[in-house]
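Following: one structure in structure tokens, then a few remarks.
Only heavy atoms go into these numbers, but all of them, side chains included; no hydrogens, no water, no symmetry mates.
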Amino acid sequence: ILSSIPPTQSNYAQRAGRGGRKDGNALTIAVLFSAMAVLFSSIAKDLRKYWVSRRQQYQFANGFLFPSFYALIGWFKDIDKYVMVFVIPCFATSHSFTELATITANVLMCYSLGSVLSTPITKFVCIRYGNKTVGIVASLLSMLAYGMMIVAIQTTQLYLFCAAKVISGATVGNVLSVVCNSVATSVEDKPLRTRLFVRKKEVANSSALLTILLGGYIAQYMNPIAIYVFAIVLSALLIVLSFVSLSGAVKSKEQVQNQNSQSLRQMATSLKFFTKRDALAFCFLVLLPSILLFGYHDFIFPLYSSNCGMSPLLLSNIMVIGMTLNLLFRNVVNDFYDKLGTAKSIVFYSMLISVSLLLFVVSPNIIWAVVICIMIFVLKINACEDVYFTDLIDRMGYKQQDVYTDTLIVENVFRTVRMPFMNFLVALGRNFACVGLGLVCAALTAGFALFSRKEDALPQQKSLTENP
């Protein structure tokens, strides 16, 4: 029996191989709280690498802090995304389904609005003042935002909570993510940079699992304010990481002007790209249905489950089960999508979820709602969308660095517009919200299926399993 998971596969094989030496038969059991174990052991490992490498290879040292930096930012994002569901009832008076839906939609829209408004200026502010200064100020503003949320919950002031969400969306949802990615992109060693981005995903998954578990437990047995108190404490650690790992402003005025001009040219190129027919088709026929379907487990499912009497702890466990199954079957799903091709995979996923939502007409019950939520987690199509979009950029003759990052602006705009639309559907009825969402996504996906018929004549696209 192993009391913890060894750090690598080879260590695991070596320790597990100690059993069964007599007759070749053995049973190895590992006991752990996986999310917490992986998260904190990974952060400790990154810190050790940082202190060792800063004496030998200083240019690589800051890169080792990137996964830990990203994990903390992911933790804050998961608070805003999942844990907020447990706080919303504090602002409701009648606790009706429609009232809870309206409050949730307004709060989520404020968060997305903060991201949208801050995205165009983030790049220029980072060039002018340096990533270090911007990261520290953004961390301080996130502390202020979480403090405002605590006051808003205590005094039941929804407007103050929405204002805090705008600040949180600007800082956590956008600025801190941009300066965090600069830590990895500044590493010149390409293999190391690739490994850092892979490690980022592992730590982010563990961070999300831990956040949802703790959020459900605290909402069930404690005061939800404790979540935001813990967030303020972690914001102080984020300030330290910003100070240590981010670069300061060491540019002359001419360098700043040149980089600003380059950024403006890049934005003009990106704007030109998104006015093309193929790019518009991707945005409205692929990206929009995907964001709407993810709105089901961000918005409709939590409301539906709480309205059916599901406890916060049970809701968080369902989310954790969905994320865990996604990690377990990710390679199997990617292999299946590889055989289908990216365009057909996108159509398959969107149509399957849309038809499942339409079945609420036949079977409107909480069990089917849970099944759809888990299906969205397990069959997640993000990798296919990324591959399809990068192939589209290459086919249209544009550079990846000129276009790819600006898709975040489009995504944030869609997320902002999504909430009034979904709130309108919910106002028409609890079950009609699922049916209406299914109809809209099925129609958009059918349009993409017709548009992408020419994909059959294109060369074989990149494999999902080959791209780390």
Side-chain angles (χ1 to χ4, degrees), residues 97 101 281-305 307-308 310 315 318-319 321-323 325-326 328-330 332-388 411 414-415 417-419 421-453 455-456 464:
F97 185 76
F282 171 80
C283 291
F284 288 96
L285 301 181
V286 177
L287 201 58
L288 181 57
S290 176
I291 289 175
L292 289 176
L293 289 176
F294 267 92
Y296 171 81
H297 75 66
D298 290 348
F299 180 66
I300 294 179
F301 176 69
L303 291 170
Y304 194 97
S305 58
N307 192 251
C308 293
M310 186 179 291
L315 174 60
I318 291 172
M319 297 285 189
I321 289 171
M323 296 181 69
L325 290 175
N326 170 255
L328 287 174
F329 296 105
R330 181 170 53 192
V332 176
V333 172
N334 284 344
D335 287 340
F336 173 71
Y337 287 155
D338 271 341
K339 293 177 182 178
L340 276 182
T342 52
K344 292 180 180 178
S345 298
I346 292 169
V347 174
F348 167 79
Y349 165 81
S350 299
M351 277 298 184
L352 179 63
I353 304 299
S354 299
V355 172
S356 301
L357 290 169
L358 291 173
L359 291 178
F360 263 90
V361 174
V362 181
S363 177
N365 57 66
I366 188 62
I367 296 177
W368 188 240
V370 171
V371 170
I372 295 175
C373 182
I374 293 177
M375 284 171 58
I376 291 175
F377 274 115
V378 174
L379 300 176
K380 200 157 50 171
I381 207 76
N382 297 49
C384 285
E385 291 175 355
D386 289 342
V387 170
Y388 181 86
E411 291 180 8
F414 282 158
R415 289 191 182 99
V417 177
R418 175 185 68 181
M419 299 323 302
F421 168 72
M422 301 191 78
N423 188 34
F424 169 75
L425 293 178
V426 169
L428 297 177
R430 188 176 66 180
N431 296 328
F432 185 82
C434 298
V435 176
L437 180 62
L439 283 171
V440 172
C441 292
L444 293 174
T445 305
F448 174 70
L450 294 173
F451 179 82
S452 63
R453 283 185 298 178
E455 295 295 322
D456 297 333
L464 302 179

Go through the steps for Ser345 and Phe336 under the test side-chain contact (heavy atoms from CB on, under 4.5 Å), then give the verdict. CA-CA 8 Å; Ser345 298; Phe336 173 71; 6.0 Å; no
State which residues pass side-chain contact (heavy atoms from CB on, under 4.5 Å) with [X]; sequence neighbours excluded, sorted by chain then number.
X	result
Val355	none
Ala433	Ile300, Leu425, Val426
Ala449	Val347
Asn423	Ala101, Thr102, Ala105

Could you tell me the separation between the [atom1] atom of [X] and the [atom2] atom of [Y], rounded to the nearest 0.5 Å?
X	Y	atom1	atom2	result
Ser354	Leu359	OG	CG	11.0 Å
Cys384	Phe348	SG	CZ	11.0 Å
Leu357	Cys441	CG	SG	7.5 Å

Can you confirm whether [X] sits close enough to [Y] that some side-chain heavy atom of one is under 4.5 Å from a side-chain heavy atom of the other?
X	Y	result
Leu379	Tyr337	yes
Phe421	Val440	yes
Phe360	Ile372	yes
Phe301	Met319	yes

Sequence neighbours left out, what passes ring-ring contact (aromatic ring centres under 6.0 Å, His included) with Phe432? Give chain and number order. none
Donor-acceptor list for residues 281-290 side chains, cut-off 3.5 Å, not counting sequence neighbours:
| from | atom 1 | to | atom 2 | distance (Å) |
| --- | --- | --- | --- | --- |
| Ser290 | OG | Glu385 | OE2 | 2.8 |

Residue from Phe448, Tyr349, Phe451 passing ring pair (Phe, Tyr, Trp, His ring centres under 6.0 Å) with Tyr388: Phe448
